[in-house]
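Order of the sequence lines sets the chain letters (A, B, ...), proteins ahead of strands, with each chain counted from 1. Because only heavy atoms are used, hydrogens play no part in the values below, and waters and symmetry mates are left out as well, while side chains stay in.
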2 protein chains.
Amino acid sequence: MNDLLDRLRRRVGDAHVLTEPADVAAYVVDWTGVHVGRALAVVRPGSTEEVAAVVAACHEAGTTIVPQGGNTGLVGGGVPDASGSQVVLSLGRMRQVREVDPVAGTMTVDAGVVLADVQAVAEQAGRLFPMSLGSEGSCTIGGNLATNAGGTAVLRYGMSRELVLGLEVVLPDGRLWDGLRGLRKDNTGYDLTQLFVGSEGTLGVITGAVLRLFPATPRHATAWVAVRDVASAVSLLALAQQHAGAHLATFEIANRTALELVLAHLPGTSDPLAETSDWYVLVELAGAESEGGLDDALEALLGEAVDAGLASDAAVAGSPAQRSALWALREGISEAQKVESATLKHDVTLPIAGLAEWVAEIGPILQARLPGVRPVTYGHVGDGNLHYNLNAPLVDGHADDAALRSAAVDLSTAIYDAVAAGNGSISAEHGLGRTKAAAGAAYKSDVEVDLMRAVKQAIDPDGLMNPGVLLPPQS
Amino acid sequence: MNDLLDRLRRRVGDAHVLTEPADVAAYVVDWTGVHVGRALAVVRPGSTEEVAAVVAACHEAGTTIVPQGGNTGLVGGGVPDASGSQVVLSLGRMRQVREVDPVAGTMTVDAGVVLADVQAVAEQAGRLFPMSLGSEGSCTIGGNLATNAGGTAVLRYGMSRELVLGLEVVLPDGRLWDGLRGLRKDNTGYDLTQLFVGSEGTLGVITGAVLRLFPATPRHATAWVAVRDVASAVSLLALAQQHAGAHLATFEIANRTALELVLAHLPGTSDPLAETSDWYVLVELAGAESEGGLDDALEALLGEAVDAGLASDAAVAGSPAQRSALWALREGISEAQKVESATLKHDVTLPIAGLAEWVAEIGPILQARLPGVRPVTYGHVGDGNLHYNLNAPLVDGHADDAALRSAAVDLSTAIYDAVAAGNGSISAEHGLGRTKAAAGAAYKSDVEVDLMRAVKQAIDPDGLMNPGVLLPPQS
């Protein structure tokens, strides 16, 4: 092991091979705090060549590697296990934007560029990189691609895998695959880029990417809408697609509990509507500078929604500041949940047509298992994706975190069983990581697990890349 | 072999195991006429279960399989080799539309449904399935997905792989993978769907698919625009993106030679403009019923294009019939080329920023190799994709097909070398098939070919699925 550490130090410099507990601490625990591991070392290479050298050295030593971006994952896919034998390979020093081509609509970046910086560079070039999610100020684009991140722009622009044209990947044996092609069309064989996207660091280390840029959409029309129930939200979505067509950019749902937590815990927030409602939708249309009429389309949509009894009231943003205030209600939910009490997160997709029924049916099932448990339900209705999170029940005004923790397996199993019965997915956008690797396999057919294992075996025959993540260890 | 044929007949019925030369003929020659093979038999199963039984029987017998859809491919990927030992597995009898869900925006289909039928069923449900290409009246959706087909709607909606949510695939050993999930988001492991899309029948047989449907766009604004040159077309594209934003649906280029062949060979066509031009663009905006203003946006775009010197004239469609007439000019090119003389096809992508320079430079190189050779250049500028096809030179008013044929390798090599030098792709949308399998590998890095071979070996270890297609035989 000391041989390996010496070799790593020679390749990336002593300062970038961290072994002191204080230096390593932030890299071995995930954002949720649930996964706390240990590492042989945290290595922070500064270039693709250094990444390749690190991987080659680990390959030779038979040491397993955990690639890590901004460490904002929610399923423990970027932190080491408890063995203390793994190398955490952090991409955080690789922060160069290599090229911006506004004509072709592409940007080539290092894996460690923070998502918010990608957005900003695109905006400076008069273009849009649409991916947007809560952790955008600290997550890295390499991590986004390795986990096929979602977010609030999926409805219009798709998941991460739809926003990338090519990748640069260091393979498990240290060889470099240069797939950095910025072509919209390249039909010359298996789509290796799409194979690595969403592979959660189990097939190699993404070191660079060619991203797709889109026409800028500086115009917005935004509303926070009180809707009667989930079924009304789904009907409103269809109406919004009719009215706004290609301009519909956002369609997010949240329940009253979610809003109340934000109002209680996040300073500066306020309820934009006078009356309370069980459910809300944040809807936004977006268009180019030349495209007027967004406000009119939104107004027509809301008028028809009220007439049809789908919505009871709506707050329309009249300024960029008001728009930000509405978005803060949606984007603050995860943080507010964390402040409130212990939480249990689920990130599920259902077929949109079955969403309302699923929500109606799962509530009583959970109450029977843990009376008083508080579902904080929000997410991306347009994608059929709910963050169906649970906060601890209140007992005499205090959150009973212990009760939630001891019922956790029982509650999650009930939710996943209901998702499977509804032909849904137990991970819409967070991935499987360590948390859900076993569940992911359990809810899949044997054929599908066999195919995934065959792919893993083909690309990483020695099993050195992020073992235990995405696929459970073989028994 | 007779054992195998008997077994196949028992499983799918005597009528659906073709061995008579007259019955087999249409299945062993491709649309271009270049690839003429022989088959042990053509088998036409009528269900997924029958496909699985056929594949299992071939697997047991060690017989290789060539999956075939509508047999409209242009690179020989769906026809057997000359050995006479292969089974052609035609999906043509599997034509059920299994389900349409307009709310979720999905349609589940058998692989053998003809693309035009998919379009029609979507339209009847008030939705749009955007894929559109010249052979849509006979190509099948399974073939479209197996080859990751492109077409004229890629600019707005993406390639085939962006239009599919899930697949049903019979694996090389006859097992069935049921990946028919209609979820916009399902982040639970490697994206097996994307692995099979574009794999050209080399990893398994696609038997069903869940397709994405989009909001209908019944409104159109369409123009045939005379542009000065390729650089002007690229500038016009940027202008169109500014003016039309999300409504820009089509942006196709054609040179004067292409138009002249259509006018000469296709009855009922006429030049919509009084003056000739070296280059033309077909531009179309499309929107929902509620979205007006397309005509105004197109007019503003064309006005600015003329003012900027990018365009000299334009014909705007004033009726559906006029729209069809303009589209016929674009869609008739391939057929007109075939009538005119021998042709040599190339389907290349270049980075859009380098497109004009590439076209300017390749012309003289080809003239030096075959004086008088006629480039018929058309394609999808918005994707950087040109069908850079060559017709035989005219000698005393007659096409010298022999001269084109004997110079073919020389000409194609010059084009592919220039594409590689320009960081492009030698197959934008047609795939590699048999025609380009060797070239595809030759222009890729060893690492990339190794990765593709590893994937092939993992999924089809016995090499029974469409050998010689996509990857060349190993020496």
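- Both the backbone and the side chain of A:Ala458 come within contact range of chain B, judged by heavy atoms closer than 4.5 Å.
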### Query
Should A:Thr349 and B:Arg184 be marked as a side chain to side chain contact (heavy atoms under 4.5 Å, CB included) after you check the CA-CA gap, both sets of side-chain angles, and the distance that decides it?
CA-CA 8 Å; A:Thr349 321; B:Arg184 186 84 171 86; 5.8 Å; no

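- Considering only heavy-atom pairs separated by less than 4.5 Å from chain A, the leading option among B:Ile352, B:Val447, B:Thr188 is B:Thr188.
- Contact annotation for B:Thr147: only backbone heavy atoms (N, CA, C, O) come within less than 4.5 Å of a heavy atom of chain A.
- Contacts with chain A were tallied for B:Leu471, B:Leu203, B:Thr106, B:Thr217; B:Leu203 has the most, counting heavy-atom pairs under 4.5 Å.
- For the options B:Lys436, B:His380, B:His430, heavy-atom pairs under 4.5 Å to chain A are most numerous at B:His380.
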### Task
Give the C-alpha distance, both sets of side-chain angles, the deciding distance and a yes or no for side chain to side chain contact (heavy atoms under 4.5 Å, CB included) between A:His247 and B:His247.
CA-CA 9 Å; A:His247 292 126; B:His247 293 126; 3.5 Å; yes

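- Residues B:Pro351 and A:Leu183 meet the side-chain proximity criterion, which asks for heavy atoms closer than 4.5 Å.
- Residue A:Asn423 touches chain B through its backbone alone, counting heavy-atom pairs closer than 4.5 Å.
- With a threshold of 4.5 angstrom between heavy atoms, A:Leu432 approaches chain B through its backbone and through its side chain.
- Annotation for A:Ala288 and B:Gln242: closest pair CB-O, 4.2 Å, computed over non-hydrogen atoms.
- In this structure, chain B has no heavy atom under 4.5 Å from any part of A:Gln457.
- Looking at B:Ala246, both its backbone and its side chain come within 4.5 Å of chain A, counting heavy atoms on both sides.
- In this structure, B:Arg175 pairs ionically with A:Asp450, as a charged nitrogen and a carboxylate oxygen lie closer than 4.0 Å.
- With a 4.5 Å cut-off on non-hydrogen atoms, A:Lys444 touches chain B through its side chain but not through its backbone.
- For a residue to count as touching a neighbouring chain, one of its non-hydrogen atoms must lie under 4.5 Å from one of that chain's; by this rule A:Val449 does not touch chain B.
- For A:Ala244, the part lying under 4.5 angstrom from a heavy atom of chain B is the backbone only.
- When every heavy atom of B:Lys185 is checked against every heavy atom of A:Ser425, the shortest pair comes out as O-CB, 4.1 Å.
- The greatest number of non-hydrogen atom pairs below 4.5 Å with chain B, out of A:Gln194, A:Lys456, A:Glu448, is found for A:Glu448.
- With a 4.5 Å cut-off on non-hydrogen atoms, A:Leu355 does not touch chain B at all.
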### Task
Report the C-alpha separation of B:Val103 and A:Val234 in whole Å, then their side-chain angles, then the decisive distance to 0.1 Å, and conclude whether the side chain to side chain contact (heavy atoms under 4.5 Å, CB included) test is met.
CA-CA 9 Å; B:Val103 176; A:Val234 171; 4.1 Å; yes

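- Heavy-atom pairs under 4.5 Å with chain B peak, among A:Ala353, A:Gly198, A:Gly189, at A:Gly189.
- With hydrogens and angles disregarded, no donor-acceptor distance shorter than 3.5 Å links the side chain of A:Asp191 to the backbone of B:Val197.
- Residue A:Asp101 touches chain B through its side chain alone, counting heavy-atom pairs closer than 4.5 Å.
- With a 4.5 angstrom heavy-atom cutoff, B:Val154 touches chain A via backbone and side-chain atoms both.
- The most heavy-atom pairs under 4.5 Å with chain B, out of A:Val348, A:Asp446, A:Leu195, A:Leu192, come from A:Leu192.
- No side-chain heavy atom of A:Ser445 sits under 4.5 Å from any side-chain heavy atom of B:Asp178.
- For the pair A:Gln241/B:Arg127, a side-chain contact is recorded, criterion being any heavy-atom separation below 4.5 Å from C-beta on.
- Of the residues considered (B:Gly431, B:Pro215, B:Pro102), B:Gly431 shows the highest number of contacts with chain A, using heavy-atom pairs under 4.5 Å.
- For B:Leu237, no part lies near chain A; criterion is any non-hydrogen pair under 4.5 Å.
- For A:Glu162 and B:Arg212, the salt-bridge test passes: some basic side-chain N is under 4.0 Å from an acidic carboxylate O.
- Only the backbone of A:Leu350 comes within contact range of chain B, judged by heavy atoms closer than 4.5 Å.
- Residue contact with chain A, scored on non-hydrogen atoms closer than 4.5 Å, involves the backbone and the side chain of B:Asp383 alike.
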### Task
Begin with the C-alpha distance, continue with both residues' side-chain angles, and end with the deciding distance and a verdict on side chain to side chain contact (heavy atoms under 4.5 Å, CB included) for A:Ile459 and B:Leu451.
CA-CA 7 Å; A:Ile459 312 288; B:Leu451 278 170; 3.7 Å; yes

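- Residue A:Ala238 does not touch chain B at all, counting heavy-atom pairs closer than 4.5 Å.
- Of the inter-residue distances, the one linking A:Asn187 atom CG with B:Ile426 atom CD1 reads 11.0 Å to the nearest 0.5 angstrom.
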